[in-house]
Amino acid sequence: MISQFFILSSKGDPLIYKDFRGDSGGRDVAELFYRKLTGLPGDESPVVMHHDDRHFIHIRHSGLYLVATTSENISPFSLLELLSRLATLLGDYCGSLGEGTISRNVALVYELLDEVLVRAKHLPHCTPFLADMHCGWEAKSIHFHPFPPLTSHRLSFLCPQDYGYVQTTSTEMLRNFIQTEAVVSKPFSLFDLSSVGLFGAETQQSKVAPSSAASRPVLSSRSDQSQKNEVFLDVVERLSVLIASNGSLLKVDVQGEIRLKSFLPSGSEMRIGLTEEFCVGKSELRGYGPGIRVDEVSFHSSVLLEEFESHRILRLQPPQGELTVMRYQLSDDLPSPLPFRLFPSVQWDRGSGRLQVYLKLRCDLPPKSQALNVRLHLPLPRGVISLSQELSGPEQKAELGDGALHWDLPRVQGGSQLSGLFQMDVPGLPGPSGQGPSTMAPPLGLGPASLSFELPRHTCSGLQVRFLRLAFRPCGNANPHKWVRHLSHSDAYVIRI
Amino acid sequence: MPYLGSEDVVKELKKALCNPHIQADRLRYRNVIQRVIRMPKLDQWGQAEVLNFLLRYEPRSEEELFDILNLLDSFLKSSSPGVVMGATKLFLILAKKFPHVQTDVLVQVKGPLLAACSSESRELCFAALCHVRQILHSLPGHFSSHYKKFFCSYSEPHYIKLQKVEVLCELVNDENVQQVLEELRGYCTDVSADFAQAAIFAIGGIARTYTDQCVQILTELLGLRQEHITTVVVQTFRDLVWLCPQCTEAVCQALPGCEENIQDSEGKQALIWLLGVHGERIPNAPYVLEDFVENVKSETFPAVTMELLTALLRLFLSRPAECQDTLGRLLHYCIEEEKNMAVRDRGLFYYRLLLAGIDEVKRILCSPKSDPSLGLLEDQAERPVNSWASDFNTLVPVYGKARWATISKYQGAEHRGPELPDTASFATSGPLIPEENKERVQELPDSGALVLVPNCQLTAEYFEKTWFSLKVAHQQVFPWRGAVHPDTLQMALQVVNIQTIAMSRAGAHPWKAYLSAQDDTGCLFLTELLLESENSEMQISVKQNEPRTETLNSFISVLETVFGTIGDIKS
């Protein structure tokens with residue numbers, strides 16, 4: 001049960017505040033939360049915080065804090081899940097989630113919260129059940145909500161016990177009851193798209209969807225449905241890798257997701273065909289080649305799997321909005337070579353305090369692919385003062401900051417090799433005792449290097465979407481647009497030096 | 001009241017949980033539950049709520065229990081972590097009498113938990129990590145083969161890194177220790193000083209089991225000569241030397257030179273303590289302490305000065321020639337110039353102690369330099385699954401047990417969450433006996449007019465002679481489960497001033513122990529404990545050299561309390 005829900009901007013300004021139970025403090029709770037968050041001692045986690053008899057649980061999403069308070073010892077998993085679901089829903093309704101869109105759509109957000117967490121009128125009563133439950137099960141005083149919902153016709157159905165409990169989060173249910181239209185004032189701007197969602201984000205090739213697609217409300221209106229029949233299907237993989245200093249691979253971990261964002265009317269059926277050699281578990285064998293193997297798969301509950309065993313086809317009737325169709329994990333056994341190899345050599349003259357780092361970066365992607373926004377982060381020993389550099393390309397950039405070296409490579413073509421020579425002065429860095437003027441052992445505090453990058457049109461597991469078929473035929477309109485994208489990006493790509 | 005999908009669900013649920021006729025009929029109950037959980041309209045929130053309701057039901061027979069578990073099995077494979085964790089909790093609680101079922105469930109939930117640990121949502125990841133730690137308390141090897149999943153990446157927020165380091169520290173075993181230590185060593189030079197220090201403390205924790213490798217890493221870290229690292233390493237050394245005396249030599253060799261890089265109070269105290277206690281093995285110890293004495297006027301922390309006094313006096317006992325002058329100056333300063341009363345008093349106290357003669361000083365200051373049994377006792381604090389099953393999938397693991405205790409105290413009696421069993425606080429806080437039990441134990445002698453003398457030292461020969469010369473005054477049988485942990489028992493008996501003369505090793509059959517105690521009137525109590533392998537009872541025979549029934553009874557009740565406490569810890 002949630003007592004209050006609020007949304008704060010990244011600077012702590014309250015954007016949305018809703019009290020469901022009326023059993024705890026006023027609006028200043030939001031300020032209190034922000035004060036606690038900023039004044040938290042370093043060893044405590046901000047996820048769950050506590051004040052008086054209230055627990056604050058929050059998630060950070062697109063620079064906003066979505067906070068719920070509760071006085072019960074509630075399941076953290078369910079609550080965190082609910083908050084992320086709310087974030088997705090808000091994103092679906094308002095276009096994208098952000099400070100601007102929320103403050104432009106305050107009325108819509110409140111309406112949505114009413115439907116999700118307060119009793120909605122289309123749902124059946126459960127008063128008799130409650131009467132039973134209250135004898136002995138739940139001895140709790142009933143509070144009336146201090147701010148009744150805006151629309152008066154709901155008052156007759158007001159059932160205070162429902163306040164703050166999840167009623168529904170399904171877009172199908174909600175679409176019938178949300179009246180307010182989303183305000184999308186700004187035409188899309190490239191800057192808004194960079195980080196939030198992948199849908200329609202700008203990439204190099206023109207093959208992908210127009211960038212405006214993502215920042216459009218999914219569920220806003222009934223009128224313009226005919227003009228925008230689009231489906232976005234993304235296969236996104238996060239890669240975490242650890243490579244030892246001798247080049248051997250210590251850990252590979254791929255977390256994959258198939259995400260769907262549908263603008264189609266609800267109930268239209270679609271079939272997603274995956275690579276046929278897709279194997280689940282260590283033992284399964286399919287096709288003639290090595291196959292595409294993942295360790296574990298889980299599907300969204302709406303996915304029908306009768307054709308999965310035979311043909312690797314997922315069938316589903318997605319609701320409008322965003323949905324994670326499938327999640328999978330793969331560890332330790334990657335079919336393709338790793339995208340990057342780093343060959344560092346470190347020369348270190350202890351006497352003069354001169355540290356020379358030569359980094360050679362090889363990209364092992366197929367020649368047609370490329371990596372974008374590659375950034376190398378190399379922590380340096382304390383006290384580095386100057387940096388001189390020789391880079392292999394003009395578009396590259398290197399700088400010192402935060403006790404580390406950052407080397408930016410906007411684009412790396414598959415099969416290419418790049419290098420950088422960095423010289424630094426480290427006065428007063430002590431060496432490991434008992435060794436001569438060594439050029440071998442790197443000074444402590446140097447490394448490990450970590451890389452971050454994006455690989456468009458590439459999945460590390462090799463999983464591809466073969467086809468996306470819609471059974472739905474819109475009346476009088478052209479075929480719906482289908483966009484399928486594959487993308488891998490780094491979660492942690494660490495190379496020890 | 002949460003919305004449960006549809007009216008049908010609510011009706012069915014009501015039938016199942018409120019109607020005694022249905023509950024009485026196993027088949028009908030099963031059908032109802034089956035219908036409820038198969039409801040297509042039940043969304044993930046509804047499922048989580050239903051699972052929560054089912055916690056209230058107590059199955060009547062084993063058969064019924066397994067029936068329900070089979071029905072609910074599919075929830076463990078749900079794609080929603082909230083549902084999976086709800087189902088896990090239900091399984092753990094329903095199967096509280098079947099440890100193998102509980103272990104099975106925890107094996108099944110490993111996959112979803114690990115997936116949540118590497119989830120994109122930081123907050124979910126944090127909650128999952130907290131639950132992983134909770135499971136590790138009971139099943140230390142549970143995640144050992146997945147240790148790589150808990151390596152930190154530099155972009156992660158601080159609180160996740162700290163949790164991951166804790167997890168790594170707990171799942172370390174013979175196979176992965178090398179890799180885990182290598183990874184942790186990388187963290188020690190992190191830009192964030194807090195994180196670096198947490199990593200060093202973690203290595204210190206692992207050092208209790210894998211001493212040599214860890215001490216070597218810690219020694220290398222000293223070579224960095226950075227204040228925030230050196231101070232934590234020295235503190236780790238201090239704790240380590242106390243628990244693992246075998247590493248004293250290596251620590252003493254690493255210490256020279258550290259004093260230049262320590263500025264904060266905690267680090268100074270640790271260094272001074274080490275120099276005082278193990279100074280006879282560190283050649284330049286007196287001179288380092290002398291430097292501290294030189295600068296004592298500008299010392300801002302009284303605790304450091306106190307530590308310095310004790311350390312210098314200890315070192316004076318082993319190396320008098322080098323320390324006499326320094327000690328004199330320090331005492332003079334503390335008594336004549338120091339403004340802090342605590343420090344002054346300590347100075348005066350040591351001065352008077354020295355006046356009483358060097359033997360007296362030795363008797364008081366030369367305490368044991370290490371206590372390996374303390375570490376062993378902490379290791380034994382492996383908790384059974386049932387002690388935390390009711391806390392699973394709640395906020396308790398997320399806050400951590402210690403913080404939760406303060407929070408629920410704050411919330412007072414109206415706190416509605418599941419109450420923690422008293423013994424549950426045992427393993428986190430680490431003391432041998434839970435606070436409340438300790439008090440109970442110590443109150444007892446007063447009430448029973450029985451005061452046992454602390455230092456009753458009997459030799460084994462004397463004990464044997466007396467034992468055979470006396471008759472059994474009292475014989476009693478206490479209930480007892482499982483094996484005996486001799487160290488735990490011995491420590492517990494020491495708390496109530498009962499001395500252990502001899503004891504079989506753990507796991508021996510039959511298991512025997514001989515105890516002795518003496519009260520303030522000089523009356524001796526000699527006791528034999530006997531645990532036969534087949535029956536679950538501890539047989540106790542007490543002999544007394546003066547036949548007095550009332551003190552005998554209070555002595556028996558003291559024993560009873562101790563056994564009760566140990567039993568609590570074990571179960």
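Below, chains carry the letters A, B, ... as their sequence lines are ordered, and counting in each starts from 1.
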Separation of [Y] [atom2] from [X] [atom1] (nearest 0.5 Å):
| X | Y | atom1 | atom2 | result |
| --- | --- | --- | --- | --- |
| B:Leu113 | A:Phe77 | CG | CZ | 5.5 Å |
| A:Ile59 | B:Phe126 | CD1 | CZ | 15.5 Å |
| A:Arg85 | B:Ser80 | CZ | OG | 11.5 Å |

Nearest heavy-atom pair of [X] and [Y]: which atoms, and what distance?
| X | Y | result |
| --- | --- | --- |
| B:Lys149 | A:Ser331 | NZ-OG, 4.3 Å |
| A:Gln255 | B:Ser118 | NE2-OG, 2.9 Å |
| B:Leu395 | A:Glu72 | CD1-O, 3.8 Å |
| B:Tyr399 | A:Met49 | OH-O, 3.0 Å |
| B:Ser155 | A:Asp491 | OG-O, 3.9 Å |

Derivation and outcome, side-chain contact (heavy atoms from CB on, under 4.5 Å), residues A:His55 and B:Ile407: CA-CA 10 Å; A:His55 308 284; B:Ile407 289 169; 4.1 Å; yes
What part of A:Leu242 gets closer than 4.5 Å to chain B, counting heavy atoms only: side chain, backbone, both or neither?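 The answer is the side chain of A:Leu242.
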A:Ile57 versus chain B, the contacting section by heavy-atom distance below 4.5 Å: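 The side chain, not the backbone.
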Salt-bridge contact B:Glu182-A:Arg496 (side-chain N to carboxylate O under 4.0 Å):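 Salt bridge flag = yes for A:Arg496 with B:Glu182.
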Regarding A:Asp253 and B:Lys148, does a basic nitrogen lie under 4.0 Å from an acidic carboxylate oxygen?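 Looking at A:Asp253 and B:Lys148, the cut-off is not met.
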Which atoms of [X] come close to chain A, meaning under 4.5 Å heavy atom to heavy atom: side chain ones, backbone ones, both, or neither?
| X | result |
| --- | --- |
| B:Ala198 | neither |
| B:Ser121 | neither |
| B:Val191 | both |
| B:Phe392 | neither |
| B:Ala127 | both |

For chain B, which candidate among [options] shows the most heavy-atom pairs at distances under 4.5 Å?
| options | answer |
| --- | --- |
| A:Glu296, A:Glu257, A:Arg238 | A:Arg238 |
| A:Ile74, A:Thr324, A:Val494 | A:Ile74 |
| A:Pro76, A:Ser78, A:Ala492 | A:Pro76 |
| A:Pro46, A:Ser240, A:Ser298, A:Ser84 | A:Pro46 |

Taking only residues two or more places apart in sequence, or in another chain, which ones meet B:Glu156 in a salt bridge (charged side-chain N to carboxylate O under 4.0 Å, His left out)?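 Checked B:Glu156 against salt bridge (charged side-chain N to carboxylate O under 4.0 Å, His left out); matches are B:Lys164.
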Report yes or no: does [X] contribute a side-chain atom to a donor-acceptor pair with the main-chain N or O of [Y] at less than 3.5 Å?
| X | Y | value |
| --- | --- | --- |
| B:Glu123 | A:Arg60 | yes |
| A:Asn73 | B:Thr394 | no |
| A:Glu81 | B:Gly82 | yes |

Within the 3.5 Å criterion, strictly below it, is a donor on B:Gln44 or A:Ser301 matched to an acceptor on the partner's side chain?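 There is no such pair between these side chains.
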For each of B:Ala115, B:Ala48, B:Pro112, B:Gly186, tally heavy-atom pairs with chain A at distances under 4.5 Å, and name the one with the top tally.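 Result: the option with the highest number of such pairs is B:Ala115.
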Below 4.5 Å, heavy-atom pairs only: which of B:Cys188, B:Ala116, B:Ser79 has the largest tally toward chain A?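 Highest number of pairs under 4.5 Å: B:Ser79.
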For B:Phe195, enumerate each residue passing the side-chain contact (heavy atoms from CB on, under 4.5 Å) test, keeping only those at least two apart in sequence or located in another chain.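 For B:Phe195, the residues satisfying side-chain contact (heavy atoms from CB on, under 4.5 Å) (neighbours in sequence not counted) are B:Cys152, B:His158, B:Lys161, B:Leu162, B:Val165, B:Tyr187, B:Asp190, B:Ser192.
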A quick test of your reading: do over 12 heavy atoms of other residues, nucleotides or ligands sit less than 6.0 Å from CZ of A:Arg327?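 Not buried by this count: 12 neighbours or fewer within 6.0 Å.
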